[in-house]
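Below is one structure; the comments refer to it alone.
These figures come from a predicted structure and were not determined experimentally.
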Amino acid sequence: MVAMPFRWSKRVVKGRLICNVARPLTKRLGLEVIDVHKRYAQDGLYTVHNDSFRTEPAFRKAYARGIQASAGFDPGIEWRAHVALWAGRTALAAEGDYVECGVNAGFMSSAIMQDLDWNSIGRKFYLIDTFSGPVLAQYSQEEVAKDRRAIAERTIAEGGYVTDLERIRANFAEWPDAIVVQGAVPEVLGKMDFGKVAFLHIDMNCALPEKAALEFFWEKLSPRAVVLFDDFAYAGYEAQREALAQVARARGHEILSMPTGQGLLIRR
């Protein structure tokens with residue numbers, strides 16, 4: 001490859017000078033200078049790597065459907081959504097239905113169903129949630145000490161969890177095989193008749209129900225089934241991470257920790 005001459009603009013020179021001055025100081029403070037205008041910088045993830053998926057029409061359409069489910073609110077989770085859409089597509093290779101434990105407004109499940117043209121799939125998508133926020137009594141002392149329960153209480157008080165069940169049903173009405181189930185995990189799981197599962201998304205922000213969900217569904221997971229954990233690698237969620245990792249390790253599997261904060265497991 002022939003190297004092309006580089007033209008130094010005033011903007012480039014100015015930017016380089018700022019970086020050269022700031023970098024030694026930020027290094028001493030344990031920080032790094034990043035140009036967020038040209039890099040992906042959302043949702044706790046800052047990377048210089050290729051994010052061209054964000055401009056793909058199919059992705060934009062699916063992400064827009066998630067925003068629609070959230071009443072127009074964009075949570076800024078494009079790379080997390082990208083992973084979830086990949087997981088949803090990959091799970092088509094496995095036999096069984098799809099399950100989400102922890103739905104809230106339905107952002108991620110709506111995006112997946114849009115992406116897969118769900119009415120043409122011929123599978124059920126079970127959408128399980130209290131639709132009243134996390135069950136506060138389920139938080140462990142470790143999670144209470146790390147303010148996980150306090151954060152949940154504030155989020156409930158601020159209306160961060162969707163409690164209008166009719167709104168939820170209306171959002172999923174375009175997909176007849178989307179089954180909205182109101183109830184707390186694990187109690188509600190035993191009341192239902194699940195068959196094989198190809199895709200499981202766990203996002204309940206609390207170790208006890210997440211561990212219980214993974215244990216409950218493990219034997220129902222088909223070979224090559226995909227399990228996606230929304231908060232596995234998030235800072236402050238160590239209790240969830242360890243509880244889920246223990247369940248997987250006891251069954252000879254390992255959960256992949258991802259820079260999006262998610263965890264990923266494929267059932268062998």
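The aromatic rings of Trp218 and His253 lie perpendicular to each other, with more than 60° between the two planes, well past the 30° mark.
By the 4.5 Å heavy-atom criterion applied to side chains, Phe59 and His82 are counted as neighbours. With a 4.5 Å cut-off on side-chain heavy atoms, Ser257 and Arg241 count as touching. Leu92 places a side-chain heavy atom less than 4.5 Å from the side chain of Leu116. The shortest distance between side-chain heavy atoms of Phe131 and Gln182 falls below 4.5 Å. Here the side chains of Phe216 and Val185 are not in contact, with every heavy-atom distance at 4.5 Å or above. With a 4.5 Å cut-off on side-chain heavy atoms, Phe199 and Thr90 do not count as touching. Under the 4.5 Å side-chain criterion, counting only non-hydrogen atoms from C-beta, Ile255 is in contact with Leu244. Residues Phe172 and Val103 are in side-chain contact: their nearest non-hydrogen atoms beyond the backbone lie under 4.5 Å apart.
For the residue pair Glu143 / Ser140, a side-chain donor-acceptor distance below 3.5 Å is found, with atom types taken as modelled.
Heavy-atom minimum distance, Arg65 versus Asn171: NH2-O, 2.7 Å. What you find for Thr47 and Arg39 is that their closest heavy atoms are O-CB, 3.3 Å. Between Ile156 and Tyr161 the shortest heavy-atom distance is CG1-CD1, 3.7 Å. Residue Met192 comes nearest to Tyr126 through the heavy atom pair CE-CD2, 3.7 Å, listed as atom of the first residue, atom of the second, then distance.
Here the CG atom belonging to Asp51 is positioned 5.0 Å from the CZ atom belonging to Arg54, to the nearest 0.5 angstrom. Put simply, CG on Leu127 and CZ on Arg169 are 10.5 Å apart, with the number rounded to the nearest 0.5 Å. Taken from OG1 in Thr260 to OH in Tyr40, the straight-line distance is 9.0 Å, to the nearest 0.5 Å. Atom CD of Glu100 sits about 10.0 Å away from atom CE of Met204, to the nearest 0.5 Å. Atom CD of Glu215 and atom CG of Leu189 lie 11.5 Å apart (nearest 0.5 Å). Interatomic distance, Ser109 OG to Gln114 CD, rounded to the nearest 0.5 Å: 12.5 Å.
Under a hydrophobic clustering in which Ile, Leu, Val, Met, Phe, Trp and Tyr are joined whenever their side-chain heavy atoms come within less than 4.5 Å, directly or via other members, Phe232 and Met258 fall into different clusters. If you chain together hydrophobic residues whose side chains sit under 4.5 Å apart, Tyr234 and Met108 never meet in one group. Transitive grouping of hydrophobic side chains (ILVMFWY, heavy atoms separated by less than 4.5 Å) brings Leu256 and Ile266 into a common cluster. When hydrophobic clusters are built by joining Ile, Leu, Val, Met, Phe, Trp and Tyr residues whose side-chain heavy atoms come closer than 4.5 Å, directly or via intermediates, Val99 is not grouped with Val180. Residues Val188 and Leu200 share a single hydrophobic cluster, defined by chaining ILVMFWY side chains whose heavy atoms lie under 4.5 Å apart.
Here Glu238 does not pair with Arg148 in a salt bridge; the nearest charged N to carboxylate O distance is not below 4.0 Å. Taking a cutoff of 4.0 Å between a charged side-chain nitrogen and a carboxylate oxygen, Arg249 and Glu242 qualify as a salt bridge. Classification of Lys61 and Glu56 as a salt-bridged pair fails, no side-chain N sitting under 4.0 Å from a carboxylate O. With salt bridges taken as basic N to acidic carboxylate O contacts below 4.0 Å, one links Arg80 and Asp43.
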Original post:
How far apart are the C-alpha atoms of Arg60 and Glu78, what are their side-chain angles, what is the distance that settles it, and do they pass the side chain to side chain contact (heavy atoms under 4.5 Å, CB included) test?
Top reply: CA-CA 9 Å; Arg60 295 265 40 107; Glu78 289 180 326; 3.1 Å; yes
Original post:
Where do Phe217 and Phe194 land on the ring pair (Phe, Tyr, Trp, His ring centres under 6.0 Å) test, with the steps shown first?
Top reply: CA-CA 9 Å; Phe217 283 109; Phe194 295 101; 5.0 Å; yes
Original post:
What's the verdict on side chain to side chain contact (heavy atoms under 4.5 Å, CB included) for Leu214 and Lys211, showing C-alpha distance, side-chain angles and the deciding distance?
Top reply: CA-CA 5 Å; Leu214 184 58; Lys211 178 183 178 183; 6.0 Å; no
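Between the Trp118 side chain and the Arg123 main chain, a donor and an acceptor come within less than 3.5 Å of each other. In this structure, Ser70 contributes its side chain and Gly72 its backbone to no donor-acceptor pair below 3.5 Å. No donor-acceptor pair under 3.5 Å is formed between the side chain of Gln138 and the backbone N or O of Leu208. In this structure, Glu210 contributes its side chain and Asn205 its backbone to a donor-acceptor pair below 3.5 Å. Distance alone, capped at 3.5 Å, is enough to place a donor-acceptor pair between the Tyr98 side chain and the Gly88 backbone. No side-chain donor-acceptor contact under 3.5 Å links Ser110 to the backbone of Phe107. A side-chain donor-acceptor contact under 3.5 Å links Asp97 to the backbone of Lys124. In this structure a side-chain-to-backbone donor-acceptor pair under 3.5 Å is present from Asp129 to Asn104. Under a 3.5 Å cut-off, the side chain of Tyr237 and the backbone N or O of Ala207 do not form any donor-acceptor pair. Between the side chain of Asp230 and the main chain of Asp203, no donor-acceptor pair closer than 3.5 Å is present.
Scored by the side-chain contact (heavy atoms from CB on, under 4.5 Å) test, Ala152 finds Pro134, Leu136, Tyr139 as partners (sequence neighbours excluded). By the side-chain contact (heavy atoms from CB on, under 4.5 Å) test, Asp164 pairs with Glu166, Arg167, sequence neighbours left out.
Checked against the 6.0 Å centroid threshold, Trp175 and Phe125 do not count as a close aromatic pair.
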Identify every side-chain donor-acceptor pair in residues 219-229 under 3.5 Å, counting partners at least two apart or on other chains, and give the distances.
{"residue": "Ser222", "atom": "OG", "partner": "Glu95", "partner atom": "O", "Å": "2.5"}
{"residue": "Arg224", "atom": "NH2", "partner": "Ala93", "partner atom": "O", "Å": "3.3"}

